[in-house]
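Below is one structure, written out as structure tokens; the observations come after it.
On a predicted model such as this, the values are computed, not experimentally measured, just so you know. The figures that follow rest on heavy atoms only: side chains count, while hydrogens, waters and symmetry mates do not.
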Amino acid sequence: PNIFALTASPRSIWHSIRQTHFLQDPLIAHQISLLESSLFIIRLDATIPHSSTEYLTHSFGLSSAAQRVWFDKSFQLTVFKDGKISAVVE
């Protein structure tokens, strides 16, 4: 499963899946540690949305982009192929 999408689950479910399936592999555990200890996330998105609505749905993970959004961070920047930037802040 896509680990990014799992972070959209309730914290108790995400924690259980994380412990059981992802932390057993040292490389994945290290990558998760880097993500979790970071202050924020910068995503590079190869798409070029055609409207403000598309920019929002990609930034907030309301489309297929949910597979690339780390929902457990309170600050994320998305840089699109056309150079536009979107921020998600809690």
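Closest approach of Glu54 to His50, counting heavy atoms only: OE1-N, 3.0 Å. Residue Ile13 comes nearest to Ser9 through the heavy atom pair CG2-CB, 4.1 Å, listed as atom of the first residue, atom of the second, then distance.
When the side chains of ILVMFWY residues are joined at heavy-atom separations under 4.5 Å, either directly or via intervening members, Leu23 and Leu27 end up in two distinct hydrophobic clusters. Side-chain heavy atoms closer than 4.5 Å link hydrophobic residues (I, L, V, M, F, W, Y) into clusters, and following such links, possibly through other members, connects Leu44 to Leu77. Following chains of ILVMFWY side-chain contacts shorter than 4.5 Å, one can reach Leu39 starting from Val79, so the two form part of one hydrophobic cluster.
Atom CD1 of residue Ile28 and atom OG of residue Ser33 lie 13.5 Å apart, to the nearest 0.5 angstrom. Between atom CD1 of residue Ile42 and atom CG of residue Asp45 there is a gap of 13.5 Å, rounded to the nearest 0.5 Å. For the atom pair OG of Ser16 and NE2 of His21, the computed distance is 7.0 Å after rounding to the nearest 0.5 Å.
Among residues at least two apart or in separate chains, salt bridge (Lys or Arg N to Asp or Glu O under 4.0 Å) pairs with a member in residues 7-27 are Arg11-Asp72, Arg18-Glu36.
Side-chain atoms of Ser38 come within 3.5 Å of backbone N or O of Leu35 as a donor-acceptor pair. Checking side-chain atoms of Gln24 against main-chain N and O of Gln19 turns up a donor-acceptor pair under 3.5 Å.
Using cut-offs of 30° and 60° for the angle between ring planes, the Trp14 and Phe22 rings count as tilted.
By the neighbour-count criterion of 12 heavy atoms within 6.0 Å, atom CZ of Phe75 is densely surrounded, having more than that number from other residues, nucleotides or ligands.
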Take Ile48 and Phe80 through the test side chain to side chain contact (heavy atoms under 4.5 Å, CB included) and record every step on the way to the result. CA-CA 6 Å; Ile48 300 176; Phe80 294 96; 5.9 Å; no
